[in-house]
Amino acid sequence: MDYRKKIEYGDRIFARLTMKGRTVVEFMINQVADMTQLIGELRHLTYGVYGLARLYIRNQTKGWSEERPLMLYSPERPSNPLFTPSGHVAATPSYSPFSVSPAPHMAFPWETH
């Protein structure tokens with residue numbers, strides 16, 4: 001990663017995660033202060049998904065973007081992964097930020113005031 005490409009709290013960030021050319025999740029966020037928090041949000045949204053993915057990040061506030069690989073691990077490798085070993089789609093995660101309430105997560109200090 002280029003260290004000049006920083007993320008600060010309040011930056012408008014677009015992230016898209018794809019596996020084998022298929023979008024697994026994409027979202028906009030402005031409540032992360034660094035790359036670690038962004039990756040944490042991605043892992044939260046893709047819980048249960050296993051495999052090598054491609055992450056595209058665009059910081060619209062600062063005007064930069066980058067693409068990089070990201071390995072997703074599940075606590076236990078699922079018996080029905082997103083892709084079978086032959087590369088066929090086995091299941092599609094049913095994620096929709098508008099219809100599914102997010103799983104509980106630790107609140108950040110700025111979320112409690």
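Every heavy atom of this structure was used, including side-chain atoms; hydrogens, water molecules and symmetry mates were not. Note that the coordinates shown come from a computational prediction; the quantities given were computed from them, not determined experimentally.
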Scanning both residues in full, the closest heavy-atom pair of D34 with Q37 reads OD1-N, 2.9 Å

All heavy atoms of W64 vs all of K6, minimum pair found to be NE1-O, 3.3 Å

When every non-hydrogen atom of R43 is compared with those of Y73, the smallest separation belongs to NH1-N, 4.0 Å

Determine, using the 4.5 Å side-chain heavy-atom cutoff (strictly less than), whether I39 and F14 are members of one ILVMFWY cluster. no

Q. For the hydrophobic clusters of this structure (ILVMFWY residues joined by side-chain heavy atoms under 4.5 Å, transitively), does one cluster hold both L70 and M19?
A. yes

Determine whether E8 and K62 make a side-chain contact, defined as any pair of heavy atoms from C-beta on separated by less than 4.5 Å.
yes

Review point. Would you call L45 and Y47 a side-chain contact if the rule is heavy atoms closer than 4.5 Å?
Key: no

Do P69 and L55 come close enough that some side-chain heavy atom pair is under 4.5 Å?
-> no

Output for pair (L72 CG, L17 CG), nearest 0.5 Å, gives 5.5 Å

d(M35 CE, N59 CG) to nearest 0.5 Å is 9.0 Å

Between the CG atom in D11 and the CD1 atom in I29, the distance rounded to the nearest 0.5 Å is 11.5 Å

Heavy-atom nearest pair, I7 first then V32, reads CG2-O, 3.9 Å

request  = Step by step, work out the side chain to side chain contact (heavy atoms under 4.5 Å, CB included) result for Q60 and I13.
outcome  = CA-CA 6 Å; Q60 292 181 337; I13 307 295; over 6 Å; no

| Single-linkage hydrophobic cluster F27~V49, side-chain heavy atoms < 4.5 angstrom | yes

Taken to the nearest 0.5 Å, the spacing of R16 CZ from R54 CZ works out to 12.0 Å

Exam field: side chain T61 to backbone R12, donor-acceptor pair closer than 3.5 Å: yes

Is it true that R58 and E66 have a side-chain N and a carboxylate O under 4.0 angstrom from each other? no

